[in-house]
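Naming: A, B, ... by sequence-line order, numbering from 1 per chain. Please read these numbers as outputs of a predicted model, since none were measured by experiment.
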Amino acid sequence: MEAEKPYKNFIQKIIDEDNLSGKFNKNVHTRFPPEPNGYLHIGHAKSICLNFGLAHQYNGLCNLRFDDTNPIKEEDEYVKAIIEDVSWLGFDWGDRLFYASDYFDQMYEFAVFLIQSKKAYVCDLSADEVRATRGNLKEAGTDSPFRERTVDESLLLFTQMKNGDFEDGSRTLRAKIDMSHPNLNMRDPVMYRILKANHHRTGDKWCIYPMYDWAHGLEDSLEGITHSICTLEFEDHRLLYDWYLNQLDTYHPQQIEFARLNLNFTIMSKRWLKKLVDDGYVSGWDDPRMPTISGLRRRGYTPESIRNFAEKVGVAKRDNVVEMNLLEHSLREDLNKKANRVMGVIEPLKIVITNFPENEIDYLEAINNPEDESAGKRRIAFTKEIYIERSDFMEEPFRKYFRLAPGREVRLRYAFYITCVDVIKNSKGQIIELHCTYDPETRGGSSPDGRKVKGTIHWVSSTENIEAEVRLYDRLFLEPNPSKSDNINDTLNIDSLVLKKTCFIETEMKKASVGEFYQFERLGYFSLDNIDSSPEHFVFNRSVALRDSWKKIEKGFQTSKIGCG
RNA sequence: UGGGGCGUCGUCUAACGGUAGGACACCUGGUUUUGGUCCAGGUAGUUGGGGUUCGAUUCCCUACGCCCCAGCCA
């Protein structure tokens, strides 16, 4: 798939050692285990690429498994979205699509076995009481009064729990470990809770649901997972993971933890992302500003760019905050090779070419992709009236500004040199159009006399064009680390979406369709919005702007900003 | 401060105990009909202090800093 790095990450080194020692018979079998309680984001993409990538590199397998042990939070809508996202990213789990709920019966049997082994007991304490007796970071907890209940009594009560004889929260099944263990996870953790909730797959069959720690190792074990890769916060849980599997004396995968991805100027918490959706700050999980996979897809990211990004950020155990730059770079890198170029004007300023004949159309030739000759060429209509970008004209230009200005000559890309001869303003002094002359000798964009023009600008005919709406996006948050701020709402960037309702694009784009990528020359990469765009009303999303070294120069001159859009 | 982790350029990430390298970002210069791309070059880092060693990012000790854990969430 992508070029492999010349070095290995720490997980690859562990696998190499395991293969050397024969720990798993040289097998590599991973899994990606999302909980269907929200949409996948770019952080999940890192994990997906890691798990599927490892399996691929070592000729192993990777399962897709929904960790659906909490019916209260989980929905089928999320299952569908997750399947679409993983598959869109380019990964294939074959016939190995599993659900934790597939194993509820087996988990139940294992739990009965643990009770019989005197390693688990039904506890009648309430949630509050359990919390009160768990102790804290410094103090040991105290044993539950039900801890020494007989096996038979626990067995009977557990059956009754399963049958729905008790109220939600009235009892739990707990592992009997050590209430004074320094690792809080080992203080008689809850294995099952009573939850009379409808499960998206098992319906009302179960009144009890397994907790993550109890369920996850069993799922891994049952599927023959070799390396169970998860994020750092589960490091503390590995002891419990191992304890359960050891008590059951069953096949025992190795849990390995890595640092989750963080991206600056955005958030990765599903809880916060859901809040942005629910509170209407964004249009949905797939809003192009969201760091979700569906949002990135709608924004115009390619699966390749995301996979390459995942490769570039690497895998380690150190907390990290990756710069948004790197994600954007990955997209530009991919699209520079793939995207056909086209001209579009986002903030139109009309130009009348005074010496160009009325009602005449001159069809000029343009290169579709300078990075890919096979992309061919196209024709662009040149007419007496055209639009250029407002920001490509300055009445009083900065020193290094080399676009259009009064009396100045610039090149219209693939067309002619034009010279600005007149600036037309309305009663309020706003520039409404420009009068220019063109040099017929410069057709195609070069002059027989070899004279140089510093600037080349894009343009679109005012009659031969397509009208479109364009959406420009910026970071969702103003703070580099929004989740660390006191009030996350205060850091929201209210200008993260800018609508350009009336834009003009060359007629070539009539055939544009969703899923294609274009570079609007000098503006960035764009693609049609997969929800709001229609053949009657094109809506383009800017996926990412081009790198812009002018912007930096411009900042130096910003003391005197005039007429520049 | 109990337990579990982690400290390398601005940001990610490498380096059997042997020249601290790569990517992004940034800065120069070149090419250019996109102020894009491409090309060439540059700036910039081992948390501090000890120790072992001919030699320490790596091993040991110590200090400091950061992250995670007290859900019947995952």
Side-chain angles (χ1 to χ4, degrees), chain A residues 5-9 33-35 37 67 69-70 72-74 123 125-127 130-131 134-141 168-174 180-187 189-195 208-209 211-213 215-216 230-239 257 259 261 264 270-271 311-330 332-333 336-337 341 343 366-367 370-371 400-403 411-415 417 442 444-446 453-458 519-524 545-554:
Chain A
K5 287 192 176 183
Y7 58 87
K8 300 198 169 185
N9 64 47
E35 185 191 11
N37 67 342
D67 212 354
T69 57
N70 185 357
I72 292 170
K73 292 185 177 177
E74 296 151 7
C123 177
L125 258 27
S126 71
V130 169
R131 189 177 311 121
R134 183 158 30 225
N136 56 44
L137 296 182
K138 298 177 101 167
E139 291 161 33
D168 281 13
S170 59
R171 269 170 249 258
T172 55
L173 181 70
R174 292 226 261 164
S180 60
H181 197 107
N183 181 332
L184 266 40
N185 294 124
M186 301 298 274
R187 320 246 259 227
V190 170
M191 296 165 61
Y192 276 95
R193 74 282 214 187
I194 301 172
L195 234 46
I208 55 173
Y209 290 93
M211 298 288 289
Y212 168 87
D213 289 306
H216 204 87
C230 61
T231 42
L232 251 30
E233 67 269 27
F234 292 103
E235 225 152 11
D236 285 342
H237 296 243
R238 190 174 62 239
L239 195 58
E257 311 85 10
L261 171 75
N264 65 7
K270 274 200 251 182
R271 182 176 149 251
E311 188 61 38
K312 284 185 223 279
V313 300
V315 179
K317 296 195 70 158
R318 161 187 344 145
D319 289 331
N320 61 82
V321 183
V322 173
E323 289 179 351
M324 194 62 92
N325 268 330
L326 190 60
L327 215 210
E328 296 185 339
H329 165 79
S330 304
R332 289 192 193 104
E333 186 182 44
N336 179 48
K337 293 176 298 189
R341 270 120 250 229
M343 291 197 286
I367 293 164
E371 307 294 317
K400 286 186 180 173
Y401 186 87
F402 45 81
R403 281 110 88 170
R411 173 190 294 111
L412 293 178
R413 174 136 242 229
Y414 297 124
Y417 292 2
T442 57
S446 58
V453 289
K454 273 183 279 185
T456 300
I457 63 176
H458 59 277
Q519 183 194 111
F520 289 7
E521 296 221 19
R522 305 209 302 134
L523 296 176
L546 257 27
R547 275 184 76 232
D548 187 359
S549 53
W550 164 248
K551 206 162 56 184
K552 291 164 201 158
I553 301 167
E554 190 183 24

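With rounding to whole Å, Lys317(A) atom NZ is found 18 Å from C12(B) atom P. One interatomic measurement links the two molecules: CG of Leu239(A) to P of G3(B), which rounds to 13 Å at whole-angstrom precision. The NZ-P distance, from Lys138(A) to U1(B), rounds to 9 Å in whole Å. Following rounding to the nearest Å, Leu523(A) (CG) and G35(B) (C1') show an atom-to-atom distance of 12 Å. In this structure, CD of Glu235(A) is placed 9 Å from C1' of C6(B), rounded to the nearest angstrom. Between the P atom of A14(B) and the CG atom of Asn320(A) lies a distance of 11 Å, rounded to the nearest Å. Atom CZ of Arg413(A) is separated from atom P of U32(B) by 14 Å (rounded to the nearest Å). For Arg187(A) and G2(B), the CZ to P distance is 13 Å, given to the nearest whole Å.
Comparing the same atom, C1', in U53(B) and in C61(B) gives a spacing of 16 Å after rounding to whole Å. If you take atom C1' in A56(B) and the same atom in G17(B), they sit 7 Å apart, rounded to whole Å. Taking the P atoms as reference points, G48(B) lies 15 Å from U11(B), given to the whole Å. Comparing U43(B) with G10(B), their P atoms sit 14 Å apart, to the nearest whole Å. For A15(B) and C39(B), the C1' atoms lie 28 Å apart once the distance is rounded to whole Å. The C1' atoms of G4(B) and A70(B) are separated by 14 Å, rounded to the nearest whole Å. A gap of 14 Å separates the C1' atoms of A44(B) and A23(B), to the nearest Å. A distance of about 34 Å separates the P atoms of C27(B) and C16(B), rounded to the whole Å.
Where pairing requires Watson-Crick or G-U contacts shorter than 3.5 Å, the helical stems of RNA chain B with at least three consecutive pairs are B:2-7 with B:64-69, B:10-13 with B:21-24, B:26-30 with B:38-42, B:47-51 with B:59-63.
Listed by chain and number, the residues in a salt bridge (Lys or Arg N to Asp or Glu O under 4.0 Å) with Glu328(A) are Arg332(A) (sequence neighbours excluded). Partners of Glu371(A) according to the salt bridge (Lys or Arg N to Asp or Glu O under 4.0 Å) rule, which considers only residues two or more places apart in sequence or in another chain, do not exist here. Checked against side-chain hydrogen bond (donor to acceptor under 3.5 Å, both in side chains), Lys317(A) has the following partners two or more places apart in sequence or in another chain: Glu235(A). In this view, Phe520(A) and Phe526(A), Phe540(A) satisfy the ring-ring contact (aromatic ring centres under 6.0 Å, His included) rule, not counting sequence neighbours. Residues passing the salt bridge (Lys or Arg N to Asp or Glu O under 4.0 Å) test with Lys8(A), sequence neighbours excluded: Asp16(A). Remark: Arg238(A) pairs with Glu257(A) by the side-chain hydrogen bond (donor to acceptor under 3.5 Å, both in side chains) rule, at least two apart or across chains. Under the side-chain contact (heavy atoms from CB on, under 4.5 Å) criterion, Phe234(A) pairs with Tyr212(A), Cys230(A), Thr231(A), His237(A), Gln255(A), not counting sequence neighbours. Under the salt bridge (Lys or Arg N to Asp or Glu O under 4.0 Å) criterion, Arg174(A) pairs with no residue, sequence neighbours left out. For Ala366(A), the side-chain contact (heavy atoms from CB on, under 4.5 Å) partners at least two apart in sequence or on another chain are Arg378(A), Ile380(A), Tyr414(A).
Within 4.0 Å of Val321(A), counting heavy atoms only, lie sugar-phosphate atoms of the nucleic acid but no base atom. Within 4.0 Å of Glu257(A), counting heavy atoms only, lies no atom of the nucleic acid at all. Here Lys400(A) lies in heavy-atom contact (under 4.0 Å) with a base.
The closest donor-acceptor contact from the side chain of Asn264(A) to the backbone of Glu323(A) lies at 3.5 Å or more, if one exists at all. Between the side chain of Asn9(A) and the backbone N or O of Gly314(A), no donor-acceptor pair lies under 3.5 Å. Proximity of a side-chain donor or acceptor of Thr442(A) to a complementary backbone N or O of Tyr417(A) within less than 3.5 Å is detected.
Note that CE of Met343(A) is 11.0 Å distant from CG of Leu523(A), once rounded to the nearest 0.5 Å.
For U13(B), one of the phosphate oxygens OP1 or OP2 lies less than 4.0 angstrom from a side-chain nitrogen or oxygen of Arg318(A).
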Just the table, please: protein N/O against nucleotides 21-27 of chain B N/O, every pair under 3.5 Å.
unit_1 : atom_1 : unit_2    : atom_2 : d
C26(B) : OP1    : Lys552(A) : NZ     : 2.9

What is the per-nucleotide protein-contact pattern of nucleotides 67-74 of chain B, from the 5' end, where B denotes a base atom under 4.0 Å from a protein heavy atom, S denotes such proximity for sugar-phosphate atoms only, and - denotes neither? SBBBSBBB
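Between Arg341(A) and Lys8(A), the residue anchored closer to the 5' end of RNA chain B is Lys8(A), taking for each the nucleotide with the nearest heavy atom. Between Phe402(A) and Ala316(A), the residue anchored nearer the 5' end of RNA chain B, judged by the nucleotide with its closest heavy atom, is Ala316(A).
Here G71(B) is in the syn range [glycosidic angle within 90° of 0].
Between the base of G36(B) and the side chain of Glu371(A) there is a donor-acceptor pair shorter than 3.5 Å.
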